[in-house]
Amino acid sequence: MRILITGANRGIGAALDSALGARGHTVIGTARGHPEYQELDVTSPASVAALAERLEGQPLDALICNAGVYLDKGHNLADGFPAKMWADEFAVNVTGVFLTVQALLPHLQQAEAPRIMIISSNMGSDARAPGGSYIYRASKAAALNLGRNLAVDLKHLGIAVGIYHPGWVQTDMGGSAAAITPDASANGLADRLEALGLGNTGCFEAYDGEPLAF
């Protein structure tokens, strides 16, 4: 497969780049302001459009919307979660996903069995609401909802969409106390990508294949 990954310069994105490359897939890694990757700022319509233009005529078998931020980590209800943080976090975690999918649809439609993987989180599940992390939880819930609706609208085009929880991963975002390594998460997610098709489009699963409640 020819696969494009957003946010491929660190964490889960970098591990996915390595894992999928090791499986023989062709990986196009993107990042913001990083010389080793295709330039892409998912919050910028102009940047997303420029990437699509650079890839003109090139089919994509898969798009992995991985770029994400957790700006409100550690904030408290009394004086945290400022308005600009809501806007900035949603710009990456939700709007950025939509803009990237929208711009790269023509490339996906050129492939035989195209698929889209959206990295959300079980923190976006309505069934799991222990409080706190309001912006991150809300943005990941929105990404889940976005993916579910895209799955409906894109099915007639032959494009499968899956939404995934990568696990609690030992990255800058997850912290050193997290449960699994980036490699373990990435290999599980690579399995999920390879298993994604129209038969399970709209799924919400963990990296290890466990079905998750919406």
Side-chain angles (χ1 to χ4, degrees), residues 1-8 12-13 15-30 38 40 42 48 51-52 55-68 92-122 124-127 139-167 185-214:
M1 285 193 289
R2 183 178 172 84
I3 303 166
L4 188 140
I5 305 173
T6 67
I12 296 168
L16 272 168
D17 191 332
S18 297
L20 290 166
R23 295 185 184 206
H25 299 298
T26 299
V27 181
I28 303 169
T30 71
Q38 285 270 358
L40 177 63
V42 298
V48 176
L51 173 66
L55 297 175
E56 186 174 359
Q58 302 178 39
L60 282 178
D61 298 289
L63 166 63
I64 300 178
C65 296
N66 164 75
V92 177
N93 294 356
V94 186
T95 311
V97 173
F98 180 80
L99 292 177
T100 306
V101 170
Q102 187 179 49
L104 296 178
L105 269 180
H107 305 273
L108 290 162
Q109 288 179 266
Q110 294 175 47
E112 288 187 11
R115 60 204 76 181
I116 297 169
M117 168 177 273
I118 295 174
I119 304 300
S120 180
S121 171
N122 65 357
S125 170
D126 288 345
S139 71
K140 289 302 183 179
L144 170 58
N145 184 276
L146 173 61
R148 293 278 290 168
N149 282 282
L150 283 170
V152 173
D153 286 337
L154 297 180
K155 188 172 184 178
H156 78 283
L157 297 177
I159 302 174
V161 182
I163 308 99
Y164 300 91
H165 167 56
S185 175
N187 277 294
L189 289 170
D191 291 340
R192 306 283 73 74
L193 182 67
E194 291 172 347
L196 179 59
L198 295 178
N200 63 342
T201 190
C203 63
F204 181 35
E205 298 175 346
Y207 72 100
D208 58 2
E210 177 189 359
L212 300 174
F214 300 111

* Asked: Which atom pair, heavy atoms only, marks the closest approach of Val161 to Gly147?
  -> CG1-O, 3.6 Å
* To do: Please name all residues satisfying side chain to side chain contact (heavy atoms under 4.5 Å, CB included) with Asp208, sequence neighbours left out, ordered by chain then number.
  => Ala206, Glu210
* To do: Give every residue pair that meets the side-chain hydrogen bond (donor to acceptor under 3.5 Å, both in side chains) criterion with at least one member in residues 151-160, sequence neighbours excluded.
  => none
* Structure fact -> Residues passing the side chain to side chain donor-acceptor pair (under 3.5 Å) test with His25, sequence neighbours excluded, are Glu194
* Intermediate values then yes/no, side-chain contact (heavy atoms from CB on, under 4.5 Å), Leu157 and Leu108 -> CA-CA 10 Å; Leu157 297 177; Leu108 290 162; over 6 Å; no
* Distance-only, no hydrogens or angles: does the Ser120 side chain make a donor-acceptor pair with backbone N or O of Ala143 under 3.5 Å? -> no
* Can you see which heavy atom on Thr201 is nearest to which on Leu196, and at what distance? => CA-CD1, 4.5 Å
* Report the residues that fulfil side chain to side chain donor-acceptor pair (under 3.5 Å) with Gln38, sequence neighbours left out, ordered by chain and then residue number. => Arg54
* To do: Please list, chain by chain and in numerical order, all residues satisfying side chain to side chain donor-acceptor pair (under 3.5 Å) with Asn93, sequence neighbours excluded.
  => Ser139
* Asked: Residues two or more places apart in sequence or in another chain: which of them pass salt bridge (charged side-chain N to carboxylate O under 4.0 Å, His left out) with Asp191?
  -> Arg23
* With sequence neighbours left out, what residues match Asp61 under side chain to side chain contact (heavy atoms under 4.5 Å, CB included)? -> Met1, Arg2, Ala111
* Asked: Shortest non-hydrogen contact from Asp17 to Gly29?
  -> OD2-CA, 4.3 Å
* **Non-hydrogen side-chain atoms of Ile116 and Leu150 separated by less than 4.5 Å** => no
* **Nearest heavy atoms of Val42 and Thr100, plus distance in Å** => CG1-OG1, 3.8 Å
* Asked: How would you list, by chain and number, every residue that makes a side chain to side chain donor-acceptor pair (under 3.5 Å) with Asp126, sequence neighbours excluded?
  -> none
* Asked: Taking only residues two or more places apart in sequence or in another chain, which ones pass side chain to side chain contact (heavy atoms under 4.5 Å, CB included) with Ala141?
  -> none
* Asked: Listed by chain and number, what are the side chain to side chain contact (heavy atoms under 4.5 Å, CB included) partners of Ser18, not counting sequence neighbours?
  -> none
* **Results of salt bridge (charged side-chain N to carboxylate O under 4.0 Å, His left out) for Arg148 - residues two or more places apart only** => none
* **Contact summary for Leu193 and Ile3, nearest pair of heavy atoms** => CD2-CD1, 3.9 Å
* Return each pair, listed once, that meets salt bridge (Lys or Arg N to Asp or Glu O under 4.0 Å) where at least one residue sits in residues 109-121; pairs must be two or more places apart or across chains. => none
* To do: Could you check if a side-chain atom of Pro59 sits within less than 4.5 angstrom of a side-chain atom of His107, using non-hydrogen atoms only?
  => no
